[in-house]
Chemist: 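One structure coming up, written as C-alpha cells, with questions to follow.
A quick note: this is a predicted structure, and the numbers were derived from the prediction, not measured. Order of the sequence lines sets the chain letters (A, B, ...), proteins ahead of strands, with each chain counted from 1.
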Number of protein chains: 2
Amino acid sequence: MLSSTEHLEVRPITRLFRALGDETRMRIVALLAHGELCVCHLESALDLGQSTASRHLGILKAAGVVDSRRDGTWVYYRLVEQEHETTAQALGVLTAAFGAERALKSDHAKLRKACGPNPCK
Amino acid sequence: MLSSTEHLEVRPITRLFRALGDETRMRIVALLAHGELCVCHLESALDLGQSTASRHLGILKAAGVVDSRRDGTWVYYRLVEQEHETTAQALGVLTAAFGAERALKSDHAKLRKACGPNPCK
DNA sequence: CGCATACATCTGTATATCGTGATACACGGG
DNA sequence: CCCGTGTATCACGATATACAGATGTATGCG
C-alpha cells in the first residue's frame, strides 16, 4: 500500500456520503435545505413511520449532517455547517441544488405553518 | 406525502453518494482523480485482494462513477463525466480536492510506471 | 398527578453489503 | 493449443442496515 492513500483522510468525506447514500435521508436533507423542521413535519412530508423518521434523523445526526434542538414538545432538526472543507463543499452542492427547487420551498413553508397551534397531523 | 418531495429526483444523487459511501471506493476515486489506472494498480496501492478490488470497481461502474477499457491483458478504469448536474458538481468537488493532493499525484505516477513492460507486482 | 402528544430506543426479521477463497473467463506468448 | 497472467464472478459466512411494531422517555396541560 502506498503512503499517500494510507494517510489520505477520506473518512469524514466517506461518512457524509454514506449518511446521504439513502433516498429517505437525501430527501430529509432536501427539505432541511430550506430551513429547520421538526420530526412530525418530516414524517408527514415523506410519509415515514415515526420510528423510521427518528432512526434516519439519528443516523444523519451521528454523521454530523444535522443537529437538533428541542422546543417544548417538538424537536427541530437543521443542517449543520461542516468543518471539513471538502465535506462542506459537497454538502453545499446539495443545499444549493435543493435550495433552488421552488416546489420544495413552497412545501417547506406549508409544513412550517402546520406546527404551532395546530398539531402536526 | 407532499408532491415536491415525491417527484424530486434524488435517485441519481443518492446513487452516487451510496457508491462513494465506502472508504475503499472513495480511495479508488481519489486515485482515479489523477487519471486512469488498471486493476492491479489499485490492488497494490490500496492493499486489496483481487476479488475485493474487482467487486468495488464493479459497484462504482454500476453506479456510473467509473468506466473501463481493456488494453490487452489489463483493464483500465477511469472516472466518468456525470450527466446529471448535481451529481457532476458533487463528484467535481471530490476530484478537485483529490487532484490537489500532491502525494496522491506522485503515487499515481509511480503506479503508472509499474504497468507495461513490468508486471503490476 | 394522570394523560396525551412528540420523539427516542429497543426488538425482531428481512435484506444488503463486506471480505475471502474458489472458480470461470479473456488475452497474449510460447 | 496449452499455459500463465490479469480480471470477473460465484459461493460462503459475518456483519450491517432496512422497516415495522412495541416500549420507554420527555414535555405540556387539565
Side-chain angles (χ1 to χ4, degrees), chain A residues 1 10-11 14-15 17-28 32 36-63 65-78 111-112 114-121, chain B residues 1 10-11 14-15 17-28 32 36-63 65-78 111-112 114-121:
Chain A
M1 164 131 61
V10 298
R11 234 160 285 180
T14 306
R15 194 172 66 138
F17 275 70
R18 161 158 290 189
L20 297 182
D22 176 278
E23 264 195 52
T24 300
R25 292 194 289 273
M26 189 63 84
R27 285 177 197 280
I28 290 176
L32 294 184
E36 66 175 11
L37 289 171
C38 69
V39 182
C40 58
H41 287 143
L42 296 165
E43 282 178 44
S44 68
L46 301 176
D47 196 28
L48 300 175
Q50 182 270 319
S51 126
T52 300
S54 184
R55 188 173 43 82
H56 282 298
L57 286 166
I59 290 171
L60 287 173
K61 191 171 184 177
V65 178
V66 304
D67 202 355
S68 62
R69 71 176 177 89
R70 178 176 278 275
D71 180 10
T73 311
W74 300 290
V75 175
Y76 284 85
Y77 281 83
R78 65 180 173 283
L111 289 169
R112 290 299 310 234
C115 252
N118 251 1
C120 292
K121 43 174 186 275
Chain B
M1 165 131 60
V10 298
R11 234 159 284 179
T14 306
R15 194 171 67 136
F17 275 70
R18 163 158 289 188
L20 297 182
D22 176 279
E23 264 196 53
T24 299
R25 293 194 289 273
M26 188 64 83
R27 286 177 195 279
I28 289 175
L32 293 184
E36 68 175 9
L37 289 171
C38 71
V39 182
C40 57
H41 288 143
L42 295 165
E43 283 178 42
S44 68
L46 300 175
D47 196 28
L48 300 175
Q50 183 269 321
S51 129
T52 300
S54 183
R55 188 171 45 82
H56 282 298
L57 286 166
I59 291 171
L60 288 173
K61 191 171 184 177
V65 178
V66 304
D67 201 355
S68 62
R69 70 176 175 90
R70 176 175 281 274
D71 181 9
T73 310
W74 299 290
V75 176
Y76 284 84
Y77 280 82
R78 65 180 173 283
L111 289 169
R112 290 300 309 235
C115 251
N118 251 359
C120 292
K121 41 172 187 275

Chemist: Roughly how far, to the nearest 0.5 Å, is the CE atom of B:M26 from the CG atom of B:L60?
Modeler: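 Separation between the atoms: 10.0 Å.
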Chemist: Quick one: B:R18 CZ to C:dA16 P, roughly how many Å, whole number?
Modeler: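 So the CZ-P distance, B:R18 to C:dA16, works out to 10 Å.
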Chemist: For A:W74 and C:dA6, what is the distance between atoms CH2 and P respectively, to the nearest whole Å?
Modeler: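 Interatomic distance, CH2 of A:W74 to P of C:dA6: 7 Å.
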Chemist: Any protein N or O atoms within reach of nucleotides 10-15 of chain C? Criterion: under 3.5 Å, listing atom names and distances.
Modeler:
none

Chemist: How would you list, by chain and number, every residue that makes a ring pair (Phe, Tyr, Trp, His ring centres under 6.0 Å) with B:F17, sequence neighbours excluded?
Modeler: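 Once residues adjacent in sequence are excluded, the partners of B:F17 under the ring pair (Phe, Tyr, Trp, His ring centres under 6.0 Å) criterion are A:F17.
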Chemist: Is there a side-chain polar atom (N or O) of A:Y77 under 4.0 Å from OP1 or OP2 of C:dA8?
Modeler: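 Answer yes for this pair, as a side-chain N or O of A:Y77 is under 4.0 Å from OP1 or OP2.
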Chemist: Contact between B:V39 and B:E43 at the side-chain level, heavy atoms closer than 4.5 Å - yes or no?
Modeler: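 They are in contact (side-chain heavy atoms under 4.5 Å apart), so the answer is yes.
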Chemist: To the nearest Å, how far apart are B:R69 CZ and C:dA26 C1'?
Modeler: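 Rounding to the nearest Å, CZ of B:R69 and C1' of C:dA26 are 16 Å apart.
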Chemist: For nucleotides 23-25 of chain C, list the nitrogen or oxygen atoms of the protein found under 3.5 Å from its nitrogen or oxygen atoms, one pair per line.
Modeler:
none

Chemist: When rounded to the nearest 0.5 angstrom, what is the spacing between NE2 in A:H56 and CG in A:L48?
Modeler: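 Taking NE2 in A:H56 and CG in A:L48, the distance rounds to 6.5 Å.
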Chemist: Report the distance from atom CD1 of B:I59 to atom OG of B:S54, rounding to the nearest 0.5 Å.
Modeler: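 Here the rounded value is 10.0 Å.
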Chemist: Mind checking the CD1-CG spacing from B:I28 to B:L57? Nearest 0.5 Å is all I need.
Modeler: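 B:I28 CD1 to B:L57 CG: 4.5 Å, rounded to 0.5 Å.
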Chemist: Starting from P on C:dC18, measure out to CG on B:L48 and report it in whole angstrom.
Modeler: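 Atom-to-atom, B:L48 to C:dC18, this comes out as 12 Å.
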Chemist: Using the rule given for side-chain contact (heavy atoms from CB on, under 4.5 Å), can you reason through A:D71 versus A:C38, listing the C-alpha separation, both sets of side-chain angles and the distance that settles it, and then say yes or no?
Modeler: CA-CA 9 Å; A:D71 180 10; A:C38 69; over 6 Å; no
Chemist: Please identify each residue that fulfils salt bridge (charged side-chain N to carboxylate O under 4.0 Å, His left out) with B:R78, with sequence neighbours left out.
Modeler: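 Here the qualifying residues are B:D67.
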Chemist: Distance check: side-chain N/O of A:R70 vs OP1/OP2 of D:dT25, anything under 4.0 Å?
Modeler: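 Looking at the OP1 and OP2 atoms of D:dT25, neither is under 4.0 Å from any side-chain N or O of A:R70.
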Chemist: Calculate the interatomic distance between A:E23 atom CD and C:dA16 atom P; express it in whole Å.
Modeler: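 My rounded result for the distance is 14 Å.
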Chemist: Round to the nearest Å and state the distance from B:R15 atom CZ to C:dA16 atom C1'.
Modeler: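 Distance, rounded to whole Å: 18 Å.
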Chemist: Polar-atom pairs under 3.5 Å, protein N or O versus N or O of nucleotides 28-30 of chain D: list them with distances, or write none.
Modeler:
none

Chemist: Nearest to the side chain of B:S54 - D:dT9, C:dT20, D:dC19?
Modeler: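 Selected nucleotide: D:dT9.
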Chemist: Compare the minimum distances between each of C:dG19, C:dA8, C:dC18 and the side chain of B:D22, then state the nucleotide with the smallest one.
Modeler: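 Closest of the options to the side chain of B:D22: C:dC18.
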Chemist: Could you pull out the closest heavy-atom pair between A:Y77 and A:L32, with the gap in Å?
Modeler: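 Closest pair (atom of A:Y77, atom of A:L32, distance): O-CD2, 3.4 Å.
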Chemist: Between A:L111 and A:S44, does a side-chain contact (heavy atoms from CB on, under 4.5 Å) hold up when you go through it step by step?
Modeler: CA-CA 9 Å; A:L111 289 169; A:S44 68; 4.0 Å; yes
Chemist: Within less than 4.0 Å of OP1 or OP2 of D:dC19, is there a side-chain N or O belonging to A:H56?
Modeler: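 The answer is yes; a side-chain N or O of A:H56 sits under 4.0 Å from OP1 or OP2.
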Chemist: Rounded to the nearest 0.5 Å, what separation is found between the CG atom of A:L20 and the CZ atom of A:R25?
Modeler: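 Here the rounded value is 8.0 Å.
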Chemist: Using heavy atoms to find the nearest nucleotide of DNA chain C for B:R25 and A:V39 separately, return the residue whose nucleotide is more 5′.
Modeler: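 In this pair, the answer is A:V39.
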Chemist: In whole angstroms, how far is the P atom of C:dC7 from the CD atom of A:E36?
Modeler: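 Distance, rounded to whole Å: 12 Å.
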Chemist: Taking any heavy-atom pair under 4.0 Å as a contact, classify B:I59: base, sugar-phosphate, or nothing.
Modeler: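 Sugar-phosphate contact only.
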Chemist: Using side chain to side chain donor-acceptor pair (under 3.5 Å) as the criterion, list what pairs up with A:E23, not counting sequence neighbours.
Modeler: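 Once residues adjacent in sequence are excluded, the partners of A:E23 under the side chain to side chain donor-acceptor pair (under 3.5 Å) criterion are A:R27, B:R11.
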Chemist: Can you tell me the distance, in whole Å, between the CG atom of B:D67 and the P atom of D:dA8?
Modeler: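 Going from B:D67 (CG) to D:dA8 (P), I get 12 Å.
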